[in-house]
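Worksheet for the structure shown next.
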Amino acid sequence: MSLPDTALEAAAEAIAGADALLVAAGAGMGVDSGLPDFRGPEGFWRAYPALGRAGIDFYSAASPATFRRDPAMAWGFYGHRLALYRATVPHAGFGLLGDWGRRMRAGWAVFTSNVDGHFQQSGAAPAALLECHGSIHHLQCLDDCHGAVWPADGFVPEVDAAQCRLLNAPPRCPHCGALARPNILMFGDGGWNAQREEAQAAQLQDWLAGLRRTRARLVVVEIGAGLAVPSVRHFVQGLQRTLGARLVRINPREAGVSGAHDVGLPAPALPALQAMAKRMPGPLR
Ligand SMILES: [Zn+2]
């Protein structure tokens with residue numbers, strides 16, 4: 001992969017000249033750690049061939065209706081992902097972002113649509129972290145009977161990956177005994193418990209308010225956030241509007257930027273971050 005020197009230097013300069021860093025991550029962030037990309041039915045069915053044979057796409061597998069209709073299959077899918085995300089080591093780009101963030105006068109924060117918990121797992125400790133689609137490492141009642149969200153730590157899924165079915169007992173709601181589900185915003189999901197996400201959002205808004213008060217210069221590094229699921233891009237556009245944030249957009253297919261001071265790097269996450277790191281001025285290297 002070769003990125004133009006001018007773009008890499010502009011990206012490094014944008015980081016070096018900022019007081020605060022916000023990392024905005026989409027599905028592309030996890031690909032370099034070895035996580036599957038669910039873009040398009042081909043990508044999804046390559047990762048879950050049993051679902052391909054049954055003609056079940058991502059939108060249908062990731063739905064509360066599937067937990068009601070076929071819990072062993074729904075938990076076959078999510079249990080496999082839970083085990084995979086637990087076992088996968090986040091790539092070195094997470095560490096680079098943390099290094100840059102810690103050197104910012106006004107600190108750093110993360111907005112991610114990924115449910116893999118990999119920013120936490122990488123040891124990053126940003127001032128705020130918003131998982132806008134929830135976390136696979138947390139559970140809730142399928143009926144959301146008591147409004148509770150609890151860690152999935154005690155649940156170790158045993159999955160027949162070839163059949164995409166859970167072999168052991170699925171987790172249960174401690175209040176009513178109903179099936180528990182991941183605390184993730186699914187498709188067609190009227191029953192998602194958003195309390196954890198809302199608490200994270202409040203913390204992130206406090207951090208952003210602090211930047212506004214102190215007139216801190218914010219740089220946003222947006223990584224692997226496509227146009228198909230626009231949550232991350234919407235959030236970034238809001239920061240550009242309200243805080244005049246400067247944007248570095250890393251995306252192998254959709255790296256276009258419109259602002260005169262924004263930088264697009266058409267590359268996957270890890271090589272782009274490593275190439276930026278090589279251009280950083282001394283204190284940030
Ligand atoms: Zn319950």
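We count ligands from 1, going down the list as the structure has it; atoms in each ligand are counted the same way.
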Taking side chain to side chain donor-acceptor pair (under 3.5 Å) as the criterion, tell me which of D144, D189, N193 meets it with R181.
D189
For the pair F44 and F58, name the ring-plane relationship: parallel under 30°, tilted 30 to 60°, perpendicular over 60°.
tilted
SG (C145) to the Zn ion (ligand 1) to SG (C176) angle, given to the nearest 10 degrees:
110°
Does a sphere of radius 6.0 Å around CZ in R212 hold more than 12 heavy atoms from other residues, nucleotides or ligands, not counting ones at 6.0 Å or beyond?
yes
Strictly under 2.8 Å, is any N, O or S atom of H146 next to the Zn ion (ligand 1)?
no
The Zn ion (ligand 1) reached by C141 (N, O or S, under 2.8 Å)
yes
R246/E13 ion pair, N-O < 4.0 Å:
yes
